[in-house]
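This report refers to the structure that appears directly beneath it.
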Amino acid sequence: MRLRFAPSPTGYIHIGNVRTAVYNYIIAKKYNAELILRIEDTDKERSTKEYETMLIEDLKWLGLAWAEGPDTGGSCGPYRQSERFKIYKDFTERLLQNGNAYHCYCTPEELEAHRKEAAAANKPIVYSGRCRNLPAVEKMKFEAMGRKPSVRFKLPEDVSIEIDDKIKGRVVFDSENIGGDFIIVRSDGVPVYNYIVVIDDAMMKITNIIRGEDHLSNTPKQILVAKALGFTPPVYAHHGLVLGPDRSKLSKRHGITSLRRYREQGYLADALLNYLSMLGWASESGEEIFSIDEIAKQIDIEKLSNSPAVFDFQKLKWMNGQYLRKYPLDKITDLFIPYIKEAGYDPNKIEKQQLEVIISILQKKCDLLSEIKSFIGIFLAEVLEPDEETDMLLKEEDSKKIITEAYEFIKTNTADKDSLIGALVSFAKGRTGLKGKKLFMPIRGILTGRLKGPELDDVVPVIGLDKSRKRIEYMFNRYI
RNA sequence: GUCCCCGUCGUCUAGGGGUCUAGGACACAGGGUUUUCAUCCCUGCAACAGGGGUUCAAAUCCCCUCGGGGAUGCCA
């Protein structure tokens, strides 16, 4: 069994395509099959080498791996379509010679006009076949005009093409409504996706194709090409697409769509992998947090979802939090460090043990790695500006009482850093009669500048006596 | 327009003729733990798109309608 993932490097890789890659990876893992990475870069306008590099980097970051590809090599290379033109050219010659393809001299403008006409008349958009049997004289006329022909595949008439799809079941297309003879080589000599995908899959000995259902209507064309070339078509499996909340194909206007952005925001590769494979599949037990090995054990091609799935940003975040809290301290510390730097602190200046204590406290509070940026100052800053909601709270009369008492407290305090918070709370409680939320939230505000955050019992021993005192003085001066 | 695919709580899904008063998870609401926000635990809310068949019996099989998506490129 040989599988492939074939992205085109026209931008940061889209999360929907990543899901397809993940499925291929998992199924390959399950059956111990080879996974091939092929770069489909024939769209010269949009493909770049930079995107290819980033695409591979992102996929590797996610934890995917492949047996053959442009970076790893392999016996069926090259693995970039732009480097395989010679192969395609030979096949095109063959098709031209045995009458399965022909030159077409129609210009894009003419074709566009024809399409518009058909659309206006509410007729199906089909290529007229004008150049299918073009007399030699006409050809010469066009050549003399300087027109460069494209190559079209000659569609057999009155045949129905049957796909035995592993997910969709049996799907049948009639050759009549495939849209007419389709272009396989552009007039500039660059061959087109629907054509070369067939050649590459055959030459690379691909046995199974798992891809999005946006490719389902291309499949009959590909099967026809395969037959004309004498290839046995692979086994197909078309899974449902990823949609946005409005149920259209997930796109930028719905939120983040590129794997790279998720990575930057501090999503974990394991969580992403888990969520993506769970989007359109469920385990028998109903459990949802699984390692990739466990998923590979349980999942199967036929069980992949048939219908489209709305991407649930909230659930992904929840799942990420589950992973984040489970990670061992040394691993999660390394992952957090870049975000601590982003927040403007230098982790190298902090003693390793101290840093790990801080991380172990903050790990409990974060769903995303980047969220540490809003908490880290609680430990590393000297004094903190209260945020808006904290400011509102500290302006209240009850809060002012507590600020005053806290200030009194530090003047006479004899507690050490570990008993400080307990002593402060009882002191303030005893003097003001306030308790619960009324008591605790202002103290949290005074010490951290925020209403949300890690346990004060954890925070105060870490920041110590001096810093606590400074922050209380600061708030006293500010509000009283 | 035409072709193809899809249709169970708001979302991801389980279910594939009787075990369905339809199960789980996220979200949401309420409660408990935490002298606080969060975490965690418990409870609740909430769905078979509609209409016809087939059958003793339909979420499950068939047909129609409706709704959604995709394709219809010298993009992939």
Side-chain angles (χ1 to χ4, degrees), chain A residues 6-8 10 17 40-43 45-47 81 104 106-108 111-112 115 118-126 148-152 163 165 167-169 171-174 176-180 182-194 196-197 212-220 238 240-241 243 245-249 275 278-289 305-319 321 325 364-367 389 422 425-426 429 434-445 450-457:
Chain A
S8 49
T10 54
N17 292 132
E40 309 217 318
D41 56 352
T42 52
D43 184 343
E45 307 283 294
R46 298 190 300 151
S47 302
Q81 290 186 326
C104 170
C106 301
T107 64
L111 296 169
E112 180 57 28
R115 267 196 293 271
N122 270 341
K123 289 218 184 117
I125 299 164
V126 181
K148 293 268 176 262
S150 60
V151 180
R152 281 186 189 268
I163 304 164
D165 193 281
I167 295 172
K168 298 286 174 195
V171 183
V172 184
F173 289 87
D174 262 327
E176 272 65 78
N177 42 44
I178 287 174
F182 54 93
I183 289 173
I184 56 175
V185 182
R186 300 170 173 92
S187 49
D188 65 358
V190 178
V192 145
Y193 165 78
N194 266 324
I196 59 180
V197 70
E213 72 177 344
D214 48 344
H215 287 283
L216 187 56
S217 13
N218 290 330
T219 309
H238 290 93
L241 264 24
L243 311 181
D246 66 352
R247 305 203 72 92
S248 67
K249 218 171 165 179
Y275 177 75
M278 231 60 204
L279 188 65
W281 174 70
S283 71
E284 240 170 88
S285 68
E287 282 174 89
E288 303 196 294
I289 308 285
S305 175
N306 198 353
S307 40
V310 173
F311 195 87
D312 189 341
F313 295 93
Q314 259 180 135
K315 188 157 186 178
L316 202 214
K317 195 170 178 236
W318 164 80
M319 193 172 275
R325 269 164 244 130
K364 293 184 251 174
K365 297 299 299 180
C366 295
D367 278 335
E389 55 175 355
V425 169
S426 344
K429 185 181 183 180
L434 262 17
K435 60 182 178 180
K437 214 171 184 162
K438 283 275 183 198
L439 202 216
F440 227 87
M441 290 309 263
I443 295 179
R444 171 181 285 288
R450 325 188 67 226
L451 266 23
K452 294 173 184 165
E455 299 284 342
L456 291 182
D457 286 345

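Any value given below was found using the heavy atoms of this structure, including those in side chains, with hydrogens, waters and symmetry copies removed. All chains are named by letter (A, B, ...) in the order of the sequence lines, taking the proteins before the strands, and each is independently numbered beginning at 1.
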Just to be sure I understand the rule, does [X] reach a base, reach only the sugar-phosphate, or reach nothing, if contact means heavy atoms closer than 4.0 Å?
| X | answer |
| --- | --- |
| A/G240 | nothing |
| A/K249 | sugar-phosphate |
| A/L216 | sugar-phosphate |
| A/T10 | nothing |
| A/V171 | sugar-phosphate |
| A/V126 | nothing |
| A/A309 | sugar-phosphate |
| A/E455 | base |
| A/H238 | nothing |
| A/L111 | base |
| A/T42 | sugar-phosphate |
| A/Q314 | sugar-phosphate |
| A/D312 | base |
| A/R115 | sugar-phosphate |

Is there a donor on the side chain of [X] or the base of [N] sitting less than 3.5 Å from an acceptor on the other?
| X | N | answer |
| --- | --- | --- |
| A/K315 | B/A27 | no |
| A/N218 | B/A76 | yes |
| A/S187 | B/C74 | yes |

Under 3.5 Å on both distances, the Watson-Crick or G-U partner of [N]:
| N | value |
| --- | --- |
| B/U39 | none |
| B/U21 | none |
| B/C28 | B/G44 |
| B/U60 | none |
| B/G7 | B/C66 |

I'd like the [atom1] distance from [M] over to [N], given in whole Å.
| N | M | atom1 | answer |
| --- | --- | --- | --- |
| B/A49 | B/G68 | C1' | 11 Å |
| B/G17 | B/A58 | C1' | 6 Å |
| B/G7 | B/C45 | C1' | 24 Å |
| B/U39 | B/A46 | C1' | 26 Å |
| B/G10 | B/C64 | P | 28 Å |
| B/G69 | B/U43 | P | 38 Å |
| B/C28 | B/U11 | C1' | 12 Å |
| B/C5 | B/U21 | P | 33 Å |

ask   = Pick the nucleotide of RNA chain B nearest each of A/R247 and A/W318; which residue has the one closer to the 5' end?
value =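 With A/R247 and A/W318 compared, the 5'-side residue is A/W318.
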**Request:** Using heavy atoms to find the nearest nucleotide of RNA chain B for A/C104 and A/E284 separately, return the residue whose nucleotide is more 5′.
**Result:**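 The residue whose closest nucleotide sits nearer the 5' end is A/E284.
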Over how many whole Å does the gap from [X] atom [atom1] to [N] atom [atom2] extend?
| X | N | atom1 | atom2 | result |
| --- | --- | --- | --- | --- |
| A/I184 | B/A76 | CD1 | P | 13 Å |
| A/I167 | B/C4 | CD1 | P | 20 Å |
| A/E287 | B/A14 | CD | C1' | 14 Å |
| A/Y275 | B/U11 | OH | P | 12 Å |
| A/M319 | B/A27 | CE | P | 11 Å |
| A/Y193 | B/A71 | OH | P | 12 Å |

Taking the ring centre of each residue, are A/F311 and A/Y275 less than 6.0 Å apart?
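Centroid separation for A/F311 and A/Y275: below 6.0 Å.
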Per atom distances to the A/F173 side chain, the nearest of B/C3, B/C6, B/C12 is B/C3
key: side-chain N/O A/R450 vs B/U36 OP1/OP2, d < 4.0 Å   =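 Result: no.
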With no hydrogens and no angle check, is any side-chain donor or acceptor of A/D41 less than 3.5 Å from a backbone partner on A/S47?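 No, the answer is negative, given that no donor and acceptor are paired below the 3.5 Å cut-off.
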